[in-house]
Amino acid sequence: MSVISSGIATGSAEFKRNAAQFQLLLDDLRERRRRARAGGDAAAKERHTQAGKLLPRDRVEALLDPGSPFFELGELAGDGMYGSNPPGAGIITGIGRVSGRVCMIVANDATVKGGTYYTMTARKHVRAQRIAWQHRLPGITLVDSGGANLPDMAGIFPDSGQYGSVLHQLIRQSAEGIPQLSVVHGACTAGGAYTPALTDQTVIVRGQGYIHLGGPEIVVAATGEVVDRETLGGAEMHTFRSGVTDYLAADDRHALGVLRRLVSNLPARPAPFSPPETPRPPRYDPREIYGIIQSDSKLQTDTREIIARLVDDSRFDEFKPNFGDTLRCGFAHWGGYPVGIVANQGVLMSESSVKAVQFIDMCCKRDIPLLFMADVTGFMVGRDAEWGGIAKHGAKMVQAMSSANVPKYNLVIGNSYGAGYMGMCGRPFEPHFSFGWPNGRAALMGPEQAATTLAMVQRRKRERLGQEWSQEEEEAFRAPIREQFTSFANMNNYAANLWIDSILDPAETRTAMSLLLDLAARMPPRPTSFAVLRM
Ligand code: COA
């Protein structure tokens, strides 16, 4: 396998300019993460801890193997959507190691509106479960939630992908033998009461956790019965009388200790199907990526220089390097695991598209996961391109990518526009994970193109009606369109809407992908059958 030899001058003015620009994006990301991780306001946290409860992040930490990492997902979900509420969508989700076993952890944050489920809370929970299901990771739910956020009913109640899907996915995973465990740390009410009842084993904290379909107020209104919360749904009642819970714990730490013991009793984690090679760091520092990514989005970044700073030993065996050169395809190892990389180096042409088809086919036949690194403004347009059959060749690339049953990952490293977003395994094509770097942009088209397209339509309409349209009026028409497309395309918008699983710092990407490839290597291979390809 050939080693990429870098041609980057890290002392150049261009490098420094790019790096300085990238630093601003990283500072913004750190600030957003800090806000999302902070949880509820000081008063809510004070009330929470005064009641003898651990804060949700402390619960997660107490659950994890000491010193082991926690790969957080969807941390910016809901960011900026509900004013200052709810940080992190009021729920923490991520992958971590418990008693030596990699698990999906979901923890409600009761300091944020009583841990109630907003639209984005439900979607974040559903997404975490989906990832766990795909990778057969045991699911651990740390419950402390007032259930539905009632004013947000439309986003959590009626549809698939909302709160009901949390229950459905929990049931289906348990049915498939993927262990489901929970701790009831606090409120667990109404629909939420089903979460512990549906898990295989559940622990409840004495004097703190309670479970009921209807609280004391609802009971008195419905039946006239006056009953206090503890008698109605307290920990002792459920452990000794109703049997809704299985283990009684003295406090949060005790409960998490019991949970760790339950995990230690689970059958061993499956071994990788293809044993990894010894991981080797890249020959170049991944942080140099900050200076390589062009700060001017109109300039093309050299993707080989990026790959050189991510893959093991900077080795990249490029496939058909002299054909269809607007797309780089090649084999590499990442954290010791083989990976097929498909990375843009310009507009997608017919040649690059058919090259991708051949490469994807090989990866499927060899059971090699595919990483799509998107930096593309779309497929080529124009007479020559159409006469050359770009529509059918581009379609073939999309078909191959969509049909491929190997694990797929989408990483937006620059532009990801229009059909290019689709072709590079955008979210609708259900990549196992999708990430963006802070500089990433994804939209139907670029802001300028969108403004031009809509202005053209507007101008034609006015001409038809015999109306004048001055340059100033046209500019006033174009400006908000540009603005709308620019803010839409920002990765912060994608992360807030959960259209990506996380924004990654380029320097974190190697660790993240190593973990994910390790998870994927333990899944049995799934054969691929391609859709009918138009030749
Ligand atoms: N929908 C929307 N907001 C809710 C809510 C709900 N179901 N439950 C609580 N909240 C809000 C409260 O209005 C409060 O908002 P504020 O901080 O702006 O004042 C915040 O969440 C915290 O609630 P509070 O009651 O002060 O905190 P608590 O820790 O004492 O109790 C709950 C939290 C969730 C246990 C309690 O509020 C409760 O029982 N809520 C009703 C739960 C319910 O019946 N849900 C039905 C789901 S179908």
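Here the structure is a predicted model, which is why all the values come from computation and not from measurement. Counting convention: from 1, in listed order, for ligands and their atoms alike.
Considering only residues two or more places apart in sequence or on other chains, Glu475 meets the side chain to side chain donor-acceptor pair (under 3.5 Å) condition with Arg482.
Under the 30°/60° scheme for interplanar angles, the aromatic rings of Phe435 and Phe71 are found to be tilted.
At least one N/O-N/O distance between Gly146 and ligand 1 falls below 3.5 Å. When only interatomic distances are considered, the shortest N/O to N/O separation between Lys113 and ligand 1 falls below 3.5 Å. Polar contact check, Leu150 against ligand 1: a nitrogen or oxygen pair lies under 3.5 Å apart. Taking only nitrogen or oxygen atoms, main chain and side chain alike, Thr116 does not reach within less than 3.5 Å of ligand 1.
For the salt bridge (Lys or Arg N to Asp or Glu O under 4.0 Å) test with Lys53, the passing option among Asp58, Asp109, Asp144, Asp252 is Asp144; the others fail. When each of Arg57, Arg33, Arg34 is paired with Glu75, the salt bridge (Lys or Arg N to Asp or Glu O under 4.0 Å) condition holds for Arg33 and for no other.
In this structure, Phe157 falls outside the shell of residues with a heavy atom less than 4.0 angstrom from ligand 1. At a 4.0 Å cut-off, at least one heavy atom of Arg47 sits close enough to ligand 1 to count as contact. Under a 4.0 angstrom heavy-atom cut-off, Pro151 registers as being in contact with ligand 1.
Against a heavy-atom cut-off of under 4.0 Å, Tyr210 is close to the following atoms of ligand 1: 35 (C). Atoms of ligand 1 found under 4.0 Å from any heavy atom of Ala187 (numbered from 1 in listed order, with element): 35 (C).
Contacts with ligand 1 closer than 4.0 Å are made by no heavy atom of Tyr163, backbone or side chain.
Taking the six-membered ring for Trp and the full ring otherwise, the centers of Tyr409 and Phe372 sit at least 6.0 Å from each other.
With hydrogens and angles ignored, the 3.5 Å screen pairs a side-chain donor or acceptor of Thr121 with a backbone N or O of Ala89. In this structure, the side chain of Gln169 does not engage the main chain of Gln129 through any donor-acceptor pair within 3.5 Å.
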